Each structure stands twice: as C-alpha cells, then as structure tokens.
K.L.:
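Structure provided below as structure tokens; questions to follow.
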Amino acid sequence: MTETRPRHFIDGGEISGGRLVTLIDRAEELRAGRPQEGGSALTGKSIAMLFEKPSTRTRISFEVGTAELGGHPVVLRGSEMQLSRGESVEDTSRVLSRFVAAIVIRSGSHENVVSLAEHASVPVINALTPLYHPCQALADLQTLKQRFGDLNGLKVAYVGDGNNVARSLAVAGSLTGVEVVVAAPSGYQLESEVPARLTEDPIEAVSGADAIYGDVWVSMGDEESAAQRRADLAPYRIDGHLLSHAKHETIVMHCLPAHPGEEITADVLYGERSAVWDQAENRLHAQKALLEYLLVG
Ligand code: CP
C-alpha cells in the first residue's frame, strides 16, 4: 500500500515513523550542505508565518529556512491581522490559502489551528499550541540521531512539567522506536493515553536513559500559577545530582528558552553533556526538511 502524503503537520502523528526517519536524514543533509548550497525547493512560493505568541527559535528558523530554500517568508502577527478584530479563523484560512503555499501558525488555541487546517487548501504546520509542539520534536529526533546514530532502542527521560513538548516528544518517539519516560508530579503529568511511560520518580526515569530532557516550569499561559508550579516542580530540577543517577554518556536536552537555576542548573545547561545548542540549531534543518516534504514531496 502506498503511503498517503499528509497535507498538514498538526499533532505530529500525520507522518509515519519510516518517513520521519527519512525526513531527519534529509535534515542532516541540509545541515551538512549549509551554508554553501542555496536551495530552490521553495522558489516562487510564499509561506505565511502567523505568530499569535512570542517565539525566538521557531519563527526565526522558519523564516531563515524558507529563505534558504528559495521561498519568501511572510511573517504575520495575530494582533496586526483582522483576526484580532473578529474575522473568523475559517475565513482567514480561506484567504491565506489563495496567497501562500503553506501556513505556519503558533496559537494559544489548538482548536483554532485544527480549524485553520480544515479550511485551508494548502499545508498547515503547527508551530506550537498548548497541546503539541511537533516541530520541536523533529529537531529533538535529529539531535538524538546525530548523537547516537540510530533512534531505535534509545530511551529519553523527560523530567518536569508534562506539557506540549513532552506530549510531542512522546508521539515522535513512539513512531521511531524511542522509549520516552515522563517523570512529573501528580497534577502535572500527561494523560495516560499518550504513548509514553509515566512516573513520578525522576531518578527512576533517568536510570539507563540516553538523554534527559527538560522544559520550563512556567509555560506561556501558566503565569498566574507560577509560584505554585515552581514549588511543585522543584524536585524535578535537572542538576548534577540527577545526572549522577544516569549513564556517563547520557546527554541533556532542553527545548529552550531555559531558566538556569530553575528547571535546570547552569552547570548542566552549559556543561559538556548538554546537546541543547545543537538541538536549537536543528530546528532550522528539520523544518527545512519538513517544508520540502510537505510542499515538494
Ligand atoms: N523551543 C521553542 O519553540 O522556542 P521558541 O518559543 O523561541 O520558538
């Protein structure tokens, strides 16, 4: 049976495991060829990038990546669109589809992104919603493959808040043979349906792990409960003590932005076991490979 090409990339489950590995390999080719080779995959194509929330890595990597592939990025802020004055997501989607070859969107509403995709005649890419961050997971897989050569059989221990990043990591891991263990306290854990092993014990989670993964404790939208979250998540800090329970070769990952001293100590974030900066760079390569795949095939 031939695989159906996905139109959208919303929860990360639209792309098969085999195709994800091919996409990661292509991302590695793009990394190796940069900056010498100019791309032409998106020549003549404009890509809308609608950001309703702040972003450093995602917005800039999509903008730079589109330009490097020969395309034209059209960066849009929700507050400057008629969306902010009540124009519907559906009509916005219909209109953008007449102008651009794809829509990248970061939104505070996952439902709005799903609705945008349902009414779009061009591919829609989720650049983060409260539920999923699938583009981050692509870069995470690329980083793991860079460091370990093969994804299949790896174990990643996500430690901290069971959020959109953890959920997307679990989805991507389950498709590519990476075991994801999420260590989070009660009230911060992912739902049991997520394809990950769930535990409250961070030390048990990092035992035997190839990578330890962290994210901020106060995500966008969580500001009102910041003090409570910091107190509840304090035992889940990624520090030297936690690393001492992992293997010597275990790497440390973080999607950034980080708060050194809070969810991760500075010595770990900036230390020799940190893969965080390669992980950030890989956002660019992985998203270029995704754009090629969705728009060119
Ligand atoms: N990791 C991530 O999505 O970073 P930004 O919020 O800066 O895009």
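Indexing begins at 1, ligand by ligand and atom by atom, following the structure's order. All of these numbers come straight from a predicted model, not from anything done at the bench.
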K.L.:
Compare every heavy atom of L169 with every heavy atom of Y213, then report the nearest pair and how far apart it is.
P.N.:
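Minimum heavy-atom separation between Y213 and L169: CD1-CD2, 3.8 Å.
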
K.L.:
Determine whether any heavy atom of R283 lies closer than 4.0 Å to an atom of ligand 1.
P.N.:
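In this structure, R283 qualifies as a contact of ligand 1 - some heavy atom is under 4.0 Å.
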
K.L.:
Angle between ring planes, W277 versus Y270, binned at 30° and 60°: parallel, tilted or perpendicular?
P.N.:
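W277 and Y270: parallel rings.
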
K.L.:
Purely on distance, is any nitrogen or oxygen of P257 under 3.5 Å from one on ligand 1?
P.N.:
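Looking only at distances, the answer is no, because the N/O contact criterion of under 3.5 Å is not met.
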
K.L.:
Can you give me the closest heavy-atom contact between L116 and S93, atom names plus distance?
P.N.:
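Residues L116 and S93, closest heavy atoms: O-OG, 2.7 Å.
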
K.L.:
Judged by non-hydrogen atoms, does L128 sit under 4.0 Å from ligand 1?
P.N.:
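Flag not set, L128 not near ligand 1.
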
K.L.:
Quick one: do R167 and E191 make a salt bridge, cutoff under 4.0 Å?
P.N.:
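Counted as a salt bridge, because a side-chain N and a carboxylate O are separated by less than 4.0 Å.
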
K.L.:
Is there a path of hydrophobic side-chain contacts, each under 4.5 Å between heavy atoms, that joins M49 and L295?
P.N.:
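Hydrophobic grouping puts M49 with L295.
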
K.L.:
Compare H254, H133, R59, R57 and give the one whose heavy atom is closest to atom 4 (O) of ligand 1.
P.N.:
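Checking each option, the heavy atom nearest atom 4 (O) of ligand 1 is found in R57.
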
K.L.:
Just checking, is any N or O donor in the side chain of S115 or E90 under 3.5 Å from an acceptor N or O on the other one?
P.N.:
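There is such a pair between these side chains.
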
K.L.:
Would you mind telling me if ligand 1 is within reach of the side chain of V165, the backbone, both or neither, using heavy atoms under 4.0 Å?
P.N.:
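Answer for V165: neither.
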
K.L.:
Specify the protein heavy atom at minimum distance from atom 7 (O) of ligand 1: its residue, its atom name, and the distance to 0.1 Å.
P.N.:
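Answer, as residue, atom name and distance: T56 N, 2.7 Å.
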
K.L.:
Identify, by atom number and element, the atoms of ligand 1 in contact range of C255, meaning under 4.0 Å from any of its heavy atoms.
P.N.:
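Counting atoms of ligand 1 from 1, those under 4.0 Å from C255 are 1 (N).
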
K.L.:
Could you tell me, atom by atom, which parts of ligand 1 come under 4.0 Å of a heavy atom of L256?
P.N.:
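Contacts of ligand 1 toward L256, numbered from 1: 1 (N), 2 (C), 4 (O).
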
K.L.:
Could you name the option among Q136, M220, R106, Q279 that has the heavy atom nearest to atom 6 (O) of ligand 1?
P.N.:
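It is R106 whose heavy atom sits nearest to atom 6 (O) of ligand 1.
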
K.L.:
Number the atoms of ligand 1 from 1 as they appear, then name those within less than 4.0 Å of a heavy atom of T58, with their elements.
P.N.:
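It comes down to these atoms of ligand 1: 2 (C), 3 (O), 5 (P), 8 (O).
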
K.L.:
Assess whether salt bridge (charged side-chain N to carboxylate O under 4.0 Å, His left out) is satisfied between R147 and D210, documenting all intermediate values.
P.N.:
CA-CA 10 Å; R147 295 295 175 123; D210 299 291; over 6 Å; no

